[in-house]
Enquirer: 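Starting off with a structure, shown below.
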Amino acid sequence: MKTKDRPEWLDDALFYEIYPQSFMDSNNDGIGDIQGIIKKLDYIKDLGCNAIWLNPCFESPFYDAGYDVTDYYKVAKRYGSNEDLKQLFDQVHKRNMHIILDLVPGHTSVEHEWFKESMKAERNIYTDRYVWTDKVWEPISGYEAIRGYSERNGAAIVNFFSHQPALNYGYYKVRKSWQQPMDAEGPKETLKEMMKIMKFWLDMGCDGFRVDMAGSLVKNDKEGQGNIKLWQQVRSFLIKEYPEAVMISEWGEPDKSLKGGFHMDFLLHFGPSHYNDLFRCKNPYFSSKGKGNCKKFVRKYVENYEKTNKKGLICIPSGNHDMVRLSKNLGKDQQKLAFAFLLSMPGAPFIYYGDEIGMEYNEELPSKEGAYERTGSRTPMQWDDSKNAGFSEADKSMLYLPVNKSAKKVNVKSSLKDPDSLINEIKKLIKLRKKHEALLNNGNIEFINAAYPLCYERYSREESITVVINPADKEESIKVKKGEIIYSLGKGAMIKDGKCTINGKSAVFIKNES
Ligand code: GLC
Ligand code: CA
């Protein structure tokens with residue numbers, strides 16, 4: 001019997017995030033699709049990733065790139081069919097890999113049948129599926145609302161964009177007559193439906209979910225107590241029926257998320273984590289200027305780490321579909337150093353498609369499907385230097401988004417051939433991570449220095465490895481234990497008399513003597 005409190009496959013899971021519309025187009029209509037992903041599974045596996053997070057692929061009018069669902073049970077036509085998705089699950093598993101889908105439980109599209117029913121004046125089974133006031137004029141603090149759009153005399157709260165009405169999971173603190181408690185019939189039914197949806201895909205072979213805006217379902221819940229309670233119910237359902245299903249939250253507060261039963265939580269470009277201080281701010285820590293500051297990030301990380309009983313279940317992504325690409329602020333050497341960090345931290349690493357080849361953020365693009373400034377991080381994957389970078393055979397004008405101009409030079413094919421490329425460094429780092437238990441997802445961490453150079457010790461019962469990373473241009477030094485350098489990046493370092501003198505723009509991993 002397993003006594004562990006989470007699926008074993010997470011212990012060495014290394015994720016690759018796929019934005020389906022931009023990854024690989026198999027039928028040449030200009031939009032990526034599921035069969036395209038299947039074609040590229042060997043590439044992902046060869047990179048060293050053994051798990052996939054697929055962004056939403058369900059029916060949608062695509063006003064928020066699919067985060068506005070109209071049918072949770074159906075793959076959007078442009079990506080293929082449910083059969084294709086099942087085939088993807090099978091092909092993933094055949095390669096000993098896993099795949100999680102993107103669950104968007106907080107809101108639907110205004111075009112969802114549930115919402116259309118919910119807008120009707122006459123009571124029906126969807127009347128309480130969304131959060132409605134009982135008068136269209138009712139002011140709502142903290143939320144925007146859809147008003148004057150329904151036959152029903154009320155306003156519906158929205159979760160994100162104006163076309164994304166919030167599903168009703170109830171209020172933790174009920175303050176108005178129209179606010180329903182979490183255990184009212186409506187909220188209970190919504191949660192039941194969400195679990196039914198999870199069951200549907202898990203039965204088909206999906207391995208779990210990345211959960212969109214996971215901490216925002218229950219309203220009037222400042223401390224997250226209600227949301228924690230809600231997710232605990234989901235967890236107990238999963239433990240009974242799908243103990244291998246993995247749940248990863250977009251919450252940004254691991255202490256809360258893990259209490260709610262999630263296995264891991266993402267650090268995000270918003271919220272309290274200071275994730276942006278590393279790669280995405282005016283003076284990122286990983287820039288060679290050496291003017292960055294990662295102290296607040298480390299302090300928060302350690303605080304969460306302690307609060308989560310040193311489980312280290314915090315995912316630090318290389319990027320995602322919501323933020324500017326890593327390459328926007330960091331040059332090639334700096335990106336390598338960033339990956340030396342990302343791939344030596346606890347928790348499951350997440351590589352956003354294209355980050356492994358240093359794909360660029362295209363600032364010039366007009367908004368596509370509600371992406372606005374996120375658009376530039378969502379361009380077609382650059383496979384080679386052929387037509388449309390090998391993404392699609394379609395006419396250029398039909399592409400979901402234009403291919404970046406750099407694609408002739410920056411692409412998978414040429415990167416793989418170049419021994420000095422980012423992708424080959426990443427492959428090296430992944431191999432190293434997999435070889436050393438101390439570097440894996442569950443390994444412990446202790447920070448030694450949170451200035452320049454960054455220094456931390458990763459350890460398991462068997463071994464301990466000291467990581468020293470110096471993104472700054474100039475040489476730095478730090479006291480280290482006796483050991484042997486097992487990985488060196490840039491000009492590396494010298495260890496003498498317990499002191500590690502590390503060159504600028506360099507990193508070393510030291511296996512400590514036991
Ligand atoms: C999450 C998604 C983002 C989406 C939003 C609304 O933050 O990552 O892309 O727009 O939720 O669903
Ligand atoms: Ca296609």
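Atoms within each ligand, like the ligands themselves, are counted from 1 in listed order. Quick caveat: nothing in here was measured; it's all calculated off a predicted structure.
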Enquirer: Please work out which of the three classes, parallel, tilted or perpendicular, describes the rings of Phe262 and Trp251, given edges at 30° and 60°.
Expert: perpendicular
Enquirer: With atoms numbered from 1 as shown, which atoms in ligand 1 lie under 4.0 angstrom from a non-hydrogen atom of Met213?
Expert: 6 (C), 11 (O)
Enquirer: Before we go on, tell me: are the rings of Phe286 and Phe341 under 6.0 Å apart, centre to centre?
Expert: yes
Enquirer: Of all N, O or S atoms in Asp25, identify the one at the shortest distance from the Ca ion (ligand 2).
Expert: OD1
Enquirer: Hey, what's the angle at the Ca ion (ligand 2) spanning OD1 (Asn27) and OD1 (Asp29), nearest 10 degrees?
Expert: 90°
Enquirer: Would you say the ring centroid of Tyr67 lies under 6.0 angstrom from that of His321?
Expert: yes
Enquirer: Give the residue, atom name and distance (to 0.1 Å) of the protein heavy atom nearest atom 1 (C) of ligand 1.
Expert: Asp212 OD1, 2.7 Å
Enquirer: Examine Lys368 relative to Tyr400 and say whether NZ or CZ is less than 6.0 Å from the centre of the six-membered ring and inside a 45° cone about the ring axis.
Expert: yes
Enquirer: Between ligand 1 and Arg210, can you find any atom pair, the residue atom being a heavy atom, that is separated by under 4.0 Å?
Expert: yes
Enquirer: Using ring centroids (six-membered ring only for Trp), state whether Trp383 and Tyr43 fall under 6.0 Å.
Expert: yes
Enquirer: Taking the six-membered ring for Trp and the full ring for Phe, Tyr or His, determine whether the centres of Phe161 and Tyr63 are under 6.0 Å apart.
Expert: no
Enquirer: Go through it in stages, so that I can follow the logic: the residues are Glu59 and Val75, the test is side chain to side chain contact (heavy atoms under 4.5 Å, CB included), and I'd like the CA-CA distance, side-chain angles, deciding distance and then a yes or no.
Expert: CA-CA 6 Å; Glu59 287 261 291; Val75 166; over 6 Å; no
Enquirer: Need the ligand 1 atom indices (1-based, order shown) with element for anything under 4.0 Å from a heavy-atom of Glu250.
Expert: 1 (C), 7 (O), 8 (O)
Enquirer: Which of the numbered atoms in ligand 1 are under 4.0 angstrom from any heavy atom belonging to Arg374?
Expert: 3 (C), 4 (C), 9 (O), 10 (O)
Enquirer: Tell me whether the NZ or CZ atom of Lys256 lies within the 45° cone about the ring axis of Trp231 and under 6.0 Å from its centre.
Expert: no
Enquirer: Report the nearest protein non-hydrogen atom to atom 8 (O) of ligand 1: residue, atom name, distance rounded to 0.1 Å.
Expert: Asp322 OD2, 2.5 Å
Enquirer: Of all N/O/S atoms in Asp33, which lies nearest to the Ca ion (ligand 2)?
Expert: OD2
Enquirer: Within Gly30, is some N, O or S atom less than 3.0 Å away from the Ca ion (ligand 2)?
Expert: no
Enquirer: State the atoms of ligand 1, each with its element, that fall below the 4.0 Å cut-off from a heavy-atom position in His107.
Expert: 6 (C), 12 (O)
Enquirer: Name the closest protein heavy atom to atom 10 (O) of ligand 1, giving the residue it belongs to and the distance to 0.1 Å.
Expert: Asp64 OD2, 2.7 Å
